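Chain naming here is simple, since letters A, B, ... match the order of the sequence lines and numbering starts at 1 in each. This one's a predicted model, so the numbers in the text were calculated from it and none came from an experiment.
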Amino acid sequence: MFQPVAGSAHFPTLETDVIRFWKERRIYEKSLARPAPQGPFIFFEGPPTANGKPHPGHCLTRAIKDLFPRYRTMRGYRCERKAGWDTHGLPVEVEVCKELGIHSKAEIEAFGVEPFIHKCQESVWRYMQQWERLTERLGFWVDLEAAYVTYHQTFVESVWWSLKTLFDRGLLYQGHKIVWWWAQGGTALSSGEVGQGYREVADPSVYVKFPLLDDAGKPTDTSLLVWTTTPWTLPSNQFAAVHPDLEYSIVQSLAPGDTPGGAPAHGDKLIIASALVETIAKKVGHELQVLSTCKGTDLLGKRYLPPFDYYWQKDSGNEDTGNPIPMGEVVATIVSTGSRIHVAWRVVEAEFVTIDSGTGIVHIAPAFGEVDFQVLLREQSQFRDGMGPPLICAVASDGTFTKDGPEFCRGRWVKDCDKDIQRDLKRHGLLFHQEQYLHDYPFCWRADNDPLIQYPRKSWFVKTSQYKDQMLANNREINWLPEHIKDGRFGNFLESNVDWALSRERYWGTPLPIWVCEKTGRQEAVGSYDELLQKPGIAGTDVWLKAKQANPKLVDDLRVHKPYIDAVTYDSPFSPGARMRRVSEVIDCWYDSGAMPFAQWGYPHQNQAKFREQWPADFISEAIDQTRGWFYSQLAISTLLFGPDAKAESGKLKADDTANRLLPTAHSSFPHPFRNCIVLGLMLGEDGQKMSKSKRNYREPNEIFDRYGADALRWYFFASQPPWTTIRYSEQSIKDSIPEFLLRLWNCYSFFVIYANIDGFDPDKLLSGDVGQLDASVLSRAKSYRPIKERSELDRWILSELHRTAAAVVERMDAYDNYTAASHVTAFVDALSNWYVRRSRDRFWAADKQAVDKLDAYWTLYECLLTTAKLVAPFVPFLAETLWQNLAVAATNGRAAESVHLCDYPSGDATVVDEQLSTQMNLVCDVVSLGRNARVGAKLKVRQPLAKVEIVLAQPKYQAWLESHAGLIREELNVKSVEFAAKADQYVSYSVLPDLKKLGPKVGKRLPAIKSALTTVDAPTLLSQLESTGKVVLTLPDGPVELTGEEIQVRMTAKEGWAAAHGPQAVVVMSTELTPSLIAEGWARELVHAIQGRRKDLNCEYTDRIRVGVVSESAEIAQAVQEFGDEIKGETLCVDLHGKPIAGVTPEESTLAGKPLALYVEVVRS
RNA sequence: GCGCACAUAGCUCAGUUGGUUAGAGCGCCACCCUGAUAAGGUGGAGGUCCCAAGUUCGAAUCUUGGUGUGCGCACCA
């Protein structure tokens, strides 16, 4: 017996039952324990941060991450799913700061790094419960108990190992980086944070003269004119840059009062990009007379006097003569040419110089601009190490001028000095022009009034740029979905690769495991905590021990974090008596996530075999915002660590370095660490805007689950668009997936269960022994089960569709195309519901419970439902489980597979698929649909039987087949006979069209002529020609052309005046003549309809018998009752039908055949 | 500025290697069917397939240019 099924389902309730079932029976664990003939399917979980609330976008990610592992598991793979949490980073610190009401690093230090870290560690789990609930409620099967956590000691130590490996290979180095710096808070900001803080402000815009020097180093009367909106950077000027290809003009500034030819004032011959002469002349309001022009290249190397001379005058200290030499005079040898030039304050070239604004000559202050800094690096690289220009910077990290700045500025906030600097320039005759300039400038997002400045910080880098080609090669082997990511966004991103700035001057992160000798400055990387403890003269570990003693609840993992790890020092191997101290930085938390393929296992300190087995991933998925994030961090780390170089390098390292002997070799060919990656589109809110808490443009996931259920949400994600499109969150669409799919399947299921129980179709009795997964071979053992070949066409058809669908779904799912796969499923469920079940209803209702045809119908529908449950299991795991638990488990008294998720995925039996049958059934559907269409046109409702339907086929070959389905067509269209019109000229007009696809390549340019010729020639003539000769000959202006029957198509159009409709394959004509008998039958059908309505009103059971009295003055109704009484009784389970009122029964009054009708219906109580 | 993607019905989206009359669902209107019934079916209205040029016998589809949107990168001296 099947358990009775409610007519309408409340999916959220069913789903929570299923969750409980999975939990109690440990179904996920059992699914992992299944035999896995296909081997492992490896999945990596991109760690979310539990520090923020989950939103619908996370549901999409987690749904996709569930779909494919579930699918693969059913396909015979073993897919472990280790959860993970991203726990480090600035967002966590910010959250804690908010809570504490503090902002800056100074405030954190004042609060105390130790308690701060404790708070961070606690804060990480703030929304943990919500995440876990969401994960479970969505049906994302993932092992939360075994989750890796990036702050855990084992994880940190893996990261350390990898960093040590990179350090030992010379791939981790210290350098400078120009960062957006929040001086007041003492913190660098990420580009994302900077992007949030742009605001339009008015800054001073100054045009400054840089007097050129002659060969003797004396100022000339000609100056470079440079432009800047940050006057405070001028004291740190090091170069002036021009574009080599631009034309520059030397102009005479004719200020009011000056006269051409008169003695020019000091320096007022100016060099400006020719294209900007006019613009600048207009700005200053007087003429700039062009004296001569030159190219940018002609200016290269020319020396100039910087506007402030502190550094210019400063003792360079790098000459060995003993005599002080001011920096302005320092000369060094260019390695490549051997020539000696001044190292700074000269004109250099730069491609980024434009004529969009300014003067075409750019003031270069390398300390305060990323590109400026690049110029310095390039200049430095021309000289021998240390001989080139040093980085100069007159600003301290708190944003004030140091003693290297102009006297009037020292100790003052740089932006406050702009005015005084302008005044000073003016006094020295160097200020050519000044104005206000409106532009966007970044401010700190945490302190609106603090402008950010670009500032050089010491930073640690991973030399990723050296591995660009290998990363690109690795990328080429990855299967990206959608494909364009590979060469598009991700490929481009790799192309423009720069070294990874790894360090962060923060507190809550993986500490950079580098210890520095306090005396020599030499560095050493440490690969684990144990390794550290083995160091000679180890000290400072007591700081942690004391803290733990004082507070035993402290999580042990904190021992590898700040501030405890900072306290650990040891004897320097580089200098006797010196100590090794850790650098203060932590690392970018993206490195943590990118290290997860090995760090999740604690590799190589433990689980070495596990890592080798679970690497690289077959499948990962995240949204497109992870291109620069997790996708990149994984690829970069893996390529550097496990790429072709790694093995070669490891050979050179110490033999006892176990870590390096453990590099994975089994899969060292690209791609790694992931082979297939679905890049999800961004999810936007209902309003098309980015989802944001403040806008409230989405609903909490939990509310969605409670209202519609997780399956509705999942199906919406999987089936409504390819996953990589930008998806606009739509609650209505989620809601719609219920009637469109879930409920439709549910209806088939509930229909089946209702009638199977009524008829005693009980698999428990029909099937003996082990029933396993109730697949075809098991079912075929059952009593009353007949081979498919022996069943009716309708059964064979739906089973063919079923297996065809299964095969198609598997093909698409193997290609990670859930969208197309889902659309195949939808089409099948639609066919099952709207054609198979509907067409088979009479068979299920047949009186003879043992009729072969009836049992065939049960077995067919049963197999369809069982297989569909398996097919949809990865997509809508809850509904699938609900179906399975009743159809398979309950129905066999628990002998079937415990869960649908422990079944094999159906892949379709090709021997059951009958393509021809599909085509033919489509034709029947078309014909029926056209017939209904014709009825609508003639206003003949389907309840009114008609004498006949005439069908005109475009292709006569299907006639015989359609004839064999006349019964089906008769029923659907409610007609007495089906006929095929041979001579259909009275109903149909023909036209002949070219088959463009076939004809195009053959006749090319003559196609339009043929097209029009075919419309002018009489179609019947052409057709008879075709019939007799097998071809058609057209005469065109440029000669005759011969067309075969293959190359033309005949189109039929129903003529006016008939109840007819036409489609591409057929014209269907309904006979409109009504005989008294037909009319009477029509009334009988009306009566059946009315009686059925009554039954429903009376809440009759499906099996209740009734007595009916039909009281009407209409002779037609009486006639109908008399003539079709048996039919009426049969249809309505009526045991007694007469024309009299029934005592004690309230009649239903209505009108039928134009006369009042009183309908008495009474249930027969047994 | 550069790159990637997207632009098709009121809404959400499909549209296979270029091919005849561009589809689906929802919504709207009309009708129908109904013991699966808070479903189902049929029909209708609704499209300059973002614009322009080109290739082609033929373009929603290919090419080029443009417009708009989203995202990313760079720059903002």
Novice: Considering only NZ, NE, NH1 and NH2 on the basic side and carboxylate oxygens on the acidic side, decide whether A/E1127 and A/R1085 come within less than 4.0 Å.
Specialist: no
Novice: Extract from the structure each pairing of a protein N or O with an N or O of nucleotides 42-44 of chain B at less than 3.5 Å, listing the distance.
Specialist:
none

Novice: Name the pairing partner of B/rA36, where a pair is Watson-Crick or G-U wobble with both distances under 3.5 Å, or state none.
Specialist: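 Looking at the geometry, B/rA36 pairs with no nucleotide.
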Novice: Under 3.5 Å, is there a donor-acceptor pair between the A/D499 and A/S465 side chains?
Specialist: yes
Novice: Which of these nucleotides, B/rA77, B/rC75, B/rA36, is closest to any side-chain atom of A/E370?
Specialist: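 Taking heavy atoms from C-beta onward, the closest nucleotide is B/rC75.
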Novice: What is the base-pairing partner of B/rA77, counting Watson-Crick and G-U wobble geometry with both distances under 3.5 Å?
Specialist: none
Novice: Between B/rC26, B/rG3, B/rA5, which nucleotide gets closest to the side-chain atoms of A/H484?
Specialist: B/rA5
Novice: Can you tell which of B/rC76, B/rC4, B/rC71 lies closest to the side chain of A/L682?
Specialist: B/rC71
Novice: With both distances kept under 3.5 Å, what pairs with B/rG44, Watson-Crick or G-U wobble?
Specialist: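 Pair assignment: B/rG44 / B/rC28.
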Novice: Base, backbone or nothing for each nucleotide of nucleotides 7-20 of chain B, written B, S, -, heavy atoms under 4.0 angstrom, 5' to 3'?
Specialist: -----SSS--B-BB
Novice: Counting only Watson-Crick pairs (N1-N3 plus N6-O4 or O6-N4) and G-U wobbles (N1-O2, O6-N3), all under 3.5 Å, who is the partner of B/rC50?
Specialist: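 Pairing partner, where one exists within any strand: B/rG66.
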Novice: Assign A/R935 to base, sugar-phosphate, or nothing according to its heavy-atom contacts below 4.0 angstrom with the strands shown.
Specialist: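 The answer is nothing, as A/R935 stays clear of every strand by at least 4.0 Å.
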Novice: Under 3.5 Å for both donor-acceptor distances, Watson-Crick or wobble: does B/rU16 have a partner, and if so which one?
Specialist: none
Novice: Categorize A/Y755 for me: base, sugar-phosphate, or nothing, with a 4.0 angstrom heavy-atom threshold over every strand shown.
Specialist: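 Sugar-phosphate only.
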Novice: Should the pair A/Y632 and A/F493 be assigned to parallel (<30°), tilted (30 to 60°) or perpendicular (>60°) ring geometry?
Specialist: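 Rings of A/Y632 and A/F493: perpendicular, over 60°.
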Novice: Tell me: CD of A/E1086 to C1' of B/rC33, nearest whole Å?
Specialist: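 Answer to the nearest Å: 11 Å.
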Novice: Which nucleotide sits closest to the side chain of A/T230: B/rA77, B/rC75, B/rC71?
Specialist: B/rA77
Novice: Taking atom NZ as the centre, does A/K735 end up with more than 12 heavy-atom neighbours from other residues, nucleotides or ligands that are less than 6.0 angstrom away?
Specialist: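 Not more than 12 within 6.0 Å, no.
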Novice: Look at the side chain of A/R489 and decide which nucleotide, out of B/rA77, B/rA36, B/rG72, has an atom nearest to it.
Specialist: B/rG72
Novice: Angle class for the A/F368/A/Y455 ring planes (parallel below 30°, perpendicular above 60°, tilted otherwise)?
Specialist: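 Tilted: the ring planes of A/F368 and A/Y455 meet at 30° to 60°.
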Novice: Need the pair for B/rA59. Rule: Watson-Crick or G-U wobble, both distances under 3.5 Å, any strand; none if unpaired.
Specialist: none
Novice: Heavy atoms within less than 4.0 Å of RNA chain B: which residues of residues 830-840 of chain A have one? Give them sorted by number.
Specialist: A/S833, A/N834, A/V837, A/R838
Novice: Of all the choices, B/rA77, B/rA39, B/rG40, which nucleotide is nearest to the side chain of A/N747 once you look at every atom?
Specialist: B/rA39
Novice: Look through every strand shown and name the nucleotide pairing with B/rG72 as Watson-Crick or G-U wobble, where both distances are under 3.5 Å.
Specialist: B/rC2
Novice: Say whether, by atom type as modelled, one donor and one acceptor occur between the side chain of A/T464 and the main chain of A/V498 under 3.5 angstrom.
Specialist: yes
